[in-house]
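Both backbone and side-chain heavy atoms feed into the values below; hydrogens, waters and symmetry mates do not. Whatever order the structure lists ligands and atoms in, that order sets their numbers, starting from 1.
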Amino acid sequence: MTGDPAVAACTVMTPDDFRTQGKALIDWVADYLETIEQRRVTSTVQPGEVRAQLPEHPPAAPEPFADVLADMDRVIAPGLTHWQHPSFFAFFPGNSSYASILGELASAGLGVQGMSWVTSPACTEVETLMMDWMIELLGLPERFHSRSSSGGGVIHGSASEATLTSILAARWRATGGAINRLGDTTKLVAYATSQAHSSIEKGLRIAGIGTDQLRIVPHDEQFAMRPDAFAELVAADVAAGLTPFWVCCSRGTTSSLAFDPTPEIAPIAHEHGMWVHVDAAMSGIAALVPELRWVNDGLDHADSYCTNPHKWMGVVFDCDLFYTADRTALLGALSILPEYLRSQAAETGAAIDYRDWQIPLGRRFRALKLWFTIRTGGAIEAQEMIRRHVDATRVLAELVAADDRFEALAPHPLNLLCLALRTGDEATDALIERANATGRVLFTRTVLDGRSALRFSIGGRTTEERHVRDGWALLQQLV
Ligand SMILES: *Cc1c(COP(=O)(O)O)cnc(C)c1O
């Protein structure tokens, strides 16, 4: 068969093919992103339809890369929800800049495992540097800096991992740490509002603490935690012989971007030796803009903190920044040292082994996408983008206020507006469905104190005021 040109053309990928096809793929991605606005925001496929368009069994012989790329057009792209579409107003943004896409490609090309310093020194040291750069860019407290006596930061895949590692560190501290490695967790109690992220319940389950020991702290009419209610719950638990150990202050809740008052909650928590975790996965990145630095209020008292460049800074998923002011507790909870991972660099304390800061052992060179993004002006681009989104949200709020069929259900200091029809939940739900069915926009629904709300989340890299105005005009038309 070696003489058959069709077969010869189908050998496995060579270095030359990689150069050629790689460039073709970059072109494909750029074309996809540059023409995305011509597409519907959502796919029209039915369940099973994507798979049905692909062969049921793996190919017996290599196929030309061009065929794979053609299927990206034929099958994959039509089967997507286009998160990079400027009229994607659903969930939260997941915007990605060109520079960060290239950083991701570079990471894949290097193919290193950065579990410890010795397995790739540059992977560790660039990550530490990026965490320190982000402290400067976001105006975060020095106690999270790698040069501080007890803090530091690490890149996690997601805020959910940040929540879990924070719970594990707090559990370690509350149960006597090294003295009692497993620890008796039966008396531990955690606190959050009903508005906090689902990763808290999941984290408590994974940590073996369970959700019966999660207290739902009442919130005020702005959906923020009530410090007085928190203090009461803590006092009652202490009186019952329990051990309050962890509280989550959400700075920008997923549902409505409510801001728990960390400056008032942290002192109550610390009086009882609790760990204060600040979850600012979505909104923390707003601190890139000096006039929005209020999102950091209270961070001086946080034991741990996280925010996601993969939501609002144009860094491709996955990139969550996790900082702690107590790395002893974090490392106490997560360190492992089998013989094959021992190294002199780590044992002398000269190097960081990030495997001890996270759940998995293996880790990718995620810092590259942050480094590429920041060095090529991405932080400045993100500042402009954030200001544009906040301004557009303000415009939208004015438009909503001027139409008495609608009302805003929650404060909207940043880039999310939760709105509803005054005629009731059924009308609001029907409006969301009708709007989404057009394919021209995508909204998600939430429930705020029993009322249905349409979440208008403004965060696309290319989303401008005109997209927001168009989305609003569509809603008005469809009522
Ligand atoms: C998005 C979000 C999360 C979850 O983030 P992942 O990185 O997807 O796990 C957690 N908390 C808040 C406040 C969020 O906005």
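With salt bridges taken as basic N to acidic carboxylate O contacts below 4.0 Å, one links R451 and E407. Note on R469 versus E465: salt bridge recorded, some NZ/NE/NH1/NH2 to OD/OE distance being below 4.0 Å.
Using cut-offs of 30° and 60° on the angle between ring planes, the pair Y354 and W357 is perpendicular. Below 30°, between 30° and 60°, or above 60°: for H82 and Y32 the angle between ring planes is between 30° and 60°, a tilted geometry.
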Note every protein N or O atom lying under 3.5 Å from an N or O atom of ligand 1, pairing the names and giving the distance.
unit_1	atom_1	unit_2	atom_2	d
ligand 1	7 (O)	A159	N	2.7
ligand 1	7 (O)	N308	ND2	3.1
ligand 1	7 (O)	H310	NE2	3.4
ligand 1	9 (O)	A159	N	3.3
ligand 1	9 (O)	S160	N	3.0
ligand 1	9 (O)	S160	OG	2.7
ligand 1	11 (N)	D279	OD1	3.3
ligand 1	11 (N)	D279	OD2	2.7
ligand 1	15 (O)	K311	NZ	2.8

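Centroid-to-centroid, the aromatic rings of F92 and W312 stay 6.0 Å apart or farther.
Considering all non-hydrogen atoms of both residues, L257 and S283 come closest at CD2-OG, 3.4 Å.
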